[in-house]
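These numbers come from the heavy atoms of this one structure, side chains and all, not from hydrogens, waters or symmetry mates. Along the sequence shown, residues carry numbers from 1. Only a predicted model underlies this, so the values are computations on that prediction, with no experimental measurement involved.
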Amino acid sequence: MARHRIGNSYLSDDELEDHNFGQWALWVFIIGAIFGGATVHSFLKPLGLPKWLVFMSVILSGAGLGTLAAYLTPYIRMAVGLIFSAAILFGIGWLIWKVI
C-alpha cells in the first residue's frame with residue numbers, strides 16, 4: 001500500500017482519494033455558486049426589485065446550486081475526464097488527418 005505525502009501528513013490510497021474528492025467538491029461548489037448567483041442576478045436586476053431581495057435571492061440560489069453541484073461532484077469529475085480524453089483523441093486524430 002502506497003503512502004502519499006500531502007503537506008505535512010502521509011495519506012493512504014483511500015485517504016488520498018477522499019482528499020482529492022474534497023478538493024473537487026470545494027471547487028465545484030464555488031463554480032456552481034458563482035454561476036447560480038450570476039444567473040439569478042442577471043434575471044432579477046432588470047425587474048427593479050428591492051436591493052435586499054435581489055441580494056438574498058442571489059445568495060440563496062448560489063448556495064443552493066453550489067450545494068447541488070457539490071453532490072454531483074463524482075459525475076462532474078467523470079464528465080471532465082471524458083471530455084479531456086475525447087479532446088486528446090480528437091487532437092491525435094486531427095494530426096493524423098492532416099498528415100495523411
Side-chain angles (χ1 to χ4, degrees):
M1 176 163 68
R3 303 294 287 176
H4 307 278
R5 184 167 186 199
I6 302 292
N8 291 332
S9 61
Y10 290 93
L11 305 177
S12 67
D13 290 334
D14 293 335
E15 293 169 337
L16 179 66
E17 182 59 33
D18 290 342
H19 172 76
N20 289 340
F21 178 79
Q23 294 292 318
W24 269 87
L26 172 69
W27 283 108
V28 166
F29 174 82
I30 290 171
I31 292 169
I34 290 171
F35 176 76
T39 303
V40 168
H41 183 266
S42 68
F43 285 130
L44 294 182
K45 189 65 174 170
L47 297 177
L49 296 172
K51 195 174 199 176
W52 66 269
L53 184 60
V54 173
F55 177 77
M56 289 303 296
S57 299
V58 166
I59 295 297
L60 291 176
S61 64
L65 187 61
T67 303
L68 177 65
Y71 281 125
L72 298 175
T73 296
Y75 305 109
I76 293 171
R77 191 174 175 185
M78 182 175 37
V80 168
L82 288 173
I83 290 170
F84 185 70
S85 300
I88 290 174
L89 288 175
F90 178 80
I92 292 170
W94 181 79
L95 286 173
I96 292 171
W97 184 265
K98 286 294 187 180
V99 169
I100 295 177

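Residues L68 and W24 fall within the same hydrophobic cluster, defined by Ile, Leu, Val, Met, Phe, Trp and Tyr side chains chained together at heavy-atom separations under 4.5 Å. Cluster membership check: L72 shares its hydrophobic cluster with L65, using side-chain heavy-atom separations under 4.5 Å among Ile, Leu, Val, Met, Phe, Trp and Tyr.
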Scan the side chains in residues 51-61 for donor-acceptor partners under 3.5 Å anywhere in the protein, sequence neighbours excluded, and list what turns up.
residue	atom	partner	partner atom	Å
S57	OG	L53	O	2.8
S61	OG	S57	O	2.8
S61	OG	V58	O	3.2

Expected list for residues 74-90: side-chain donor-acceptor pairs under 3.5 angstrom, two or more places apart:
residue	atom	partner	partner atom	Å
R77	NH1	E17	OE2	3.0
S85	OG	G81	O	2.9

Identify all side-chain donor-acceptor contacts of residues 91-99 below 3.5 Å with residues at least two apart in sequence or on another chain.
none

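Each salt bridge (charged side-chain N to carboxylate O under 4.0 Å, His left out) pair with one or both residues in residues 31-50, not counting sequence neighbours, would appear here, but there are none. Screening residues 28-39 for salt bridge (charged side-chain N to carboxylate O under 4.0 Å, His left out), with sequence neighbours left out, gives no hits. Here salt bridge (charged side-chain N to carboxylate O under 4.0 Å, His left out) pairs that include residues 21-31, with residues two or more places apart or in two chains, number zero.
Taking the side chain to side chain contact (heavy atoms under 4.5 Å, CB included) definition, one finds that F43 meets it with T39, sequence neighbours left out. Shown here are the side chain to side chain contact (heavy atoms under 4.5 Å, CB included) partners of A70, two or more places apart in sequence or in another chain: F29, T73.
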